[in-house]
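The structure appears right after this line, and notes come after that.
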Amino acid sequence: MEIDGKGNISRGLTLSFVLLILIFSIYGVYSIFETRRGSKLTRTIYDHPLVVSNAALQSAVSIIKMHRNMKDVVLFESASRIQESIAKVNQQEQIVYNNLDIVRNRILGDEGKKLESEARFLFDNWRPIREEVIALVEDGNRSEAAKITVGKGAYHVASLEKKMRSLTDYARNKAASFMNTHQKVSSRHNMLAIIFFSIAICLTSLITFFTLKKTKAAENEIRESRQLLLTAIDYAPIGMVLVNLKGKFNKVNESFCKMTGYSEQELLGMNFQEITHPDDHDIGESVVKQLINKKINKAAIEKRYVKKHGEIINVYLTTTLLRDGKGDGLYFFTQVINITKRKLYEKRIIHLNSVLRAIRDVNQLIVRESDPENLIREGCRLMVDNRGYASALIILKDQENQFNIWARSGLTYSSEKLHEWLKCQEELPCCVLASKATNAIVIDDRSSTCGSCPISEEFRGLISLCAKLTHGEYTFGYLIAALNDNIEVGEEELSLLSEMAGDIAYALNYMRLGTDHQRLELKREKLEHQLLQAQKMEAVGQLAGGVAHDYNNMLSIIIGYSESVLENLDPEDPLYADIDEIFKAGKRSADITRQLLAFARKQTTAPKVLDLNDNIEGMLKMLRRLIGEDIDLAWLPETEVWSVKIDPSQLDQILANLCVNAKDAIAGVGKITIETANAIFDEEYCADHAGFIPGEYVLLAVSDTGCGISPDMLDNVFEPFFTTKKLHQGTGLGLSTVYGIVKQNKGFINVYSEPEKGTVLKIYLPRYVGQIIEACPETAIEIPPGQGEMILLVEDDPSILKLSEKMLQSLGYAVLSASTPNEAITMAKEHADKIHLLLTDVVMPEMNGRELSEELQKQYPNLDTLFMSGYTANVIAHRGVLEDGVHFISKPLSKKQLAKKVRETLDNAF
């Protein structure tokens, strides 16, 4: 920083030259810009209008030559002369096209491009005339060829010549326009050059005048500012001083005098190091050297001052070296702030943070420690190691209120004295006071409080705190801590110690509760784990259901079109086998989506009341074929087993999946056992098993003597695509499908397994109280054809809409197709009383399928509805179970399934 006003004139002159240079620079940039613009205009004239004009003229000449050569084609009788003339016509034609390409690429303006397009259009129309003439000549009809040549041919040639002249005139006009623009640019450039030079001369004169005028005023202002600075230093609320290069005070203000306790006269004869704490002398010397050597321009440091009467204070200094115009140092200007209180606050904050860390660590210790003696020993160590306290002592009482164990850390007070004191069951004086207080207490007057305490000497000069370890009605002992340094004790300090004492007391109370509490905690953790597992399975199910829904739409297209192609192909056709593989892959994929929907509980079902034993016995033959001859299948039914209500196909899925899994778990010879039994769960059992509901159930158990499942995998066995089998030996959907079916039917499933011993899966289905209805066996029928009935088809997916329409039409039905519900309503009004059936998707925009059906049935009460969907999203089914009287077909659709379901719905309606 400079403190004199020299150099103002030079700054003014420098400013003048800078402005001059700036003006000439602006002019130079502008000149370059205008010169480039002129050059660009010149290049534009030569690259565009002149080139276009020349190309148009050449095109006109070539057109005339072409017409002349066409006349030669008509006039000459020699075949060689005719071919030579035709070759010339082709050559000239190519020249015209090349020139028109040049015109298109170089011409400027919309009008020019329009002229070029018109010329090209005329020329393109001339080519058929040329071809017609040549064909007539080759056929020997020269008279007709001559008429066309002098007629239409001559007319097109004249039009082309006229259009080429228009292009030439347009290009020349453009060139003239660019020349005029170029002249205007040059004139403007010359005019602005005169203006720039005039402005530069005027500005330079004015700047020079005002620079000289204000120089003297600036020097006066500097002198006034110097005086103002000195006055500001005197009255500043913080300490401000000027120190010469030798370190002696040259100027001090009143605030600095009050801060140090010295008068101004005393300080002016002193060196700044005389009031600096001896341990901080090096700090001041280092800063002085760096400022003088110009290594730094400004320094900010913290140090300590020793006041006149010996008190030590903390100060924050910012120092700058004031220099003259030559850069030589004159004075150190220093601002001084007393930060003693701030330091105390910082120390207090650091201490409180240390206490908080100690509380955190003690809480972590509480979580993992189960032994009271280890707890208090480690607790004391953590309180001291975190630098929160100088020492810590914890004394515990037993259930008979007798001191039994204690631990300490920190100060090395006599363990023997304390042990003897406590052995006599005498409470420490501070503990007596703490026992009568609600919160922690402060021990700062040891002479009146501690008395003959055996550890009072160790704590002399320190402030101590004491809190009782209380939880509920129990007092487990006392916590005594001594503070580091002289830290003021506030409410926060006492609150934190009380909190730590409460945490330790809580842990001791927990240990007092013993094994019963531990057992309850383990039980709670087990239930939490079961709940989290159930929530995870529910979330995975939601995801699987959404994926299966979208996948079904795509499979409908694959299966439908494959089936349609197969119907129209000869089995001997080479493509038949390939299309058949696509069809089979689609069917297999549809099976996977049905398994996913079963797991997600999105599968639409038609449950029936069943006798579980009868249905399983009907499947045993099929199951034995499924598992093979090496594995024994044992069937152990309980007599008088209760009825259940479930979709029979779902029961088939459960048994097939469980038996296949059991077979894959058995290497070689083994045994699979299927059992049924009645089971009743009470509230006590369900409280220990998350997801179980009290009631009456029917047990279906499938066990095997296979390899078993390791404990770490048991939680994952019901997740989709989880499998322990080798690659390509399973999809991982078997058990997840079983899980979804059981949950959809409000049942429970448990798995028990031991490696190398086997696995048991137990399924509990709710008991159904009612009559068992015998199922009627289905008879295989051919694809039923339509009888011309009109079907209103509604589907928002265009691909599925098109496929379904094609299938229905091929079956002999009349189809009205609509892609939205509103469009379907409109079609229904236009074909009133002609529609026999509404075939609609369930999930659609605007309104769902059920809402559409209800809307149409208000107008046409006799109209029946067949719903179709990948899953119903509970629109027509509650929790996947179809309501009575609802007709439904699931995607992906096959022609055979669609034909049967449509025929069945129509027959039921009439």
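Atoms considered below: every heavy atom in the structure, side chains included; atoms not considered: hydrogens, waters and symmetry mates. Residues: numbered from 1 along the sequence shown.
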**Request:** For residues Asp841 and Asp796, determine if any side-chain heavy atom of one lies less than 4.5 Å from a side-chain heavy atom of the other.
**Result:** yes
**Item:** Student check: side-chain heavy atoms of Lys901 and Leu866 closer than 4.5 Å
**Value:** yes
**Prompt:** CD1 of Ile627 to CG of Asn661: how many Å apart, nearest 0.5 Å?
**Reply:** 13.0 Å
**Prompt:** Any side-chain heavy atom of Asn613 sitting closer than 4.5 Å to one from Trp635?
**Reply:** yes
**Asked** Does the Thr676 side chain pair with the main chain of Glu638, one donor and one acceptor, at a distance under 3.5 Å?
**Response** yes
**Request:** Could you pull out the closest heavy-atom pair between Lys762 and Tyr752, with the gap in Å?
**Result:** CD-CE1, 3.8 Å
**Asked** Could you walk me through whether Leu839 and Val815 pass the side chain to side chain contact (heavy atoms under 4.5 Å, CB included) check?
**Response** CA-CA 10 Å; Leu839 175 58; Val815 183; over 6 Å; no
**Glu855 side chain vs Ile825 backbone, donor-acceptor pair below 3.5 Å** = no
**Request:** Could you walk me through whether Met847 and Asn822 pass side chain to side chain contact (heavy atoms under 4.5 Å, CB included), step by step?
**Result:** CA-CA 9 Å; Met847 65 178 73; Asn822 287 333; 4.1 Å; yes
**Asked** Do the side chain of Glu851 and the main chain of Asn848 share a donor and acceptor less than 3.5 angstrom apart?
**Response** yes
**Message:** How close do Gly786 and Glu789 get, counting heavy atoms only, and between which atoms?
**Reply:** C-OE1, 3.9 Å
**Request:** Specify the closest pair of heavy atoms between Lys834 and Met790, including all atoms of both residues, with the distance to one decimal.
**Result:** O-CB, 3.2 Å
**Item:** Any Leu811 side-chain heavy atom under 4.5 Å of Val902 side chain
**Value:** no
**Request:** With the side chain counted from C-beta on, respond yes when Arg903 and Tyr813 share a heavy-atom pair under 4.5 Å apart, and no when they do not.
**Result:** yes
**Request:** Could you tell me whether a side-chain N or O of Ser819 sits under 3.5 Å from a main-chain N or O of Val794, the two making a donor and an acceptor?
**Result:** no
**Prompt:** Under 4.0 Å between a Lys/Arg side-chain N and an Asp/Glu carboxylate O for Lys858 and Glu854?
**Reply:** no
**Request:** Quick one: pull up CG in Leu765 and CD1 in Ile646 and give me the separation to the nearest 0.5 Å.
**Result:** 5.0 Å
**Request:** For Asn678 and Trp642, indicate whether the former's side chain and the latter's backbone hold a donor-acceptor pair under 3.5 Å.
**Result:** yes
**Message:** Testing the basics here: between Ala828 and Leu792, what is the closest heavy-atom pair and its distance to 0.1 Å?
**Reply:** CB-CD2, 4.4 Å
**Residue list, side chain to side chain donor-acceptor pair (under 3.5 Å) with Ser817, at least two apart or on another chain** = Glu805
**Request:** Look only at the side chain of His836 and the backbone of Ile791, and say whether a donor-acceptor pair between them is shorter than 3.5 Å.
**Result:** no
**Message:** Just so I know, are the side chains of Asp611 and Val641 near enough to count as touching, which here means a heavy-atom distance under 4.5 Å?
**Reply:** yes
**Asked** Going from CG on Leu837 to CG on Leu863, what distance comes out if it is rounded to the nearest 0.5 angstrom?
**Response** 7.0 Å
**Asked** Can you tell which of Asp864, Thr840, Thr865 makes a side-chain hydrogen bond (donor to acceptor under 3.5 Å, both in side chains) with Ser853?
**Response** Thr865
**Asked** Taking side chain as C-beta onward, heavy atoms only, is Ile616 less than 4.5 Å from Leu700?
**Response** yes
**Complete:** Closest non-hydrogen atoms of Ala665 and Asp704, given as atom of the first, atom of the second and distance, are CB-OD1, 4.3 Å
**Message:** Below 30° counts as parallel, above 60° as perpendicular, anything between as tilted: where do the rings of Tyr764 and Tyr697 land?
**Reply:** perpendicular
**Asked** Taking Glu756 for the side chain and Gly708 for the main chain, is one N or O donor matched with an acceptor at less than 3.5 Å?
**Response** no
**Request:** Under the side chain to side chain contact (heavy atoms under 4.5 Å, CB included) rule, what do Leu651 and Leu612 come out as? Steps first, then yes or no, please.
**Result:** CA-CA 9 Å; Leu651 180 60; Leu612 207 58; 3.8 Å; yes
**Prompt:** Atom CG of Leu808 and atom OG of Ser804: how far apart are they, to the nearest 0.5 Å?
**Reply:** 6.5 Å
**Fill in**
In terms of heavy-atom contacts, Pro784 and Ala899 come closest through CG-O, 3.6 Å
**Request:** Decide yes or no on side chain to side chain contact (heavy atoms under 4.5 Å, CB included) for Leu623 and Ile674, but give the supporting numbers first.
**Result:** CA-CA 11 Å; Leu623 293 175; Ile674 302 176; 3.9 Å; yes
**Request:** Could you tell me the separation between the CD1 atom of Ile741 and the CD1 atom of Ile654, rounded to the nearest 0.5 Å?
**Result:** 5.0 Å
**Request:** Would you check if Met844 and Leu852 make a side-chain contact, meaning some heavy-atom pair closer than 4.5 Å?
**Result:** yes
**Request:** Kindly compute the distance separating CZ (Arg624) from CG (Leu633), expressed to the nearest 0.5 Å.
**Result:** 5.0 Å
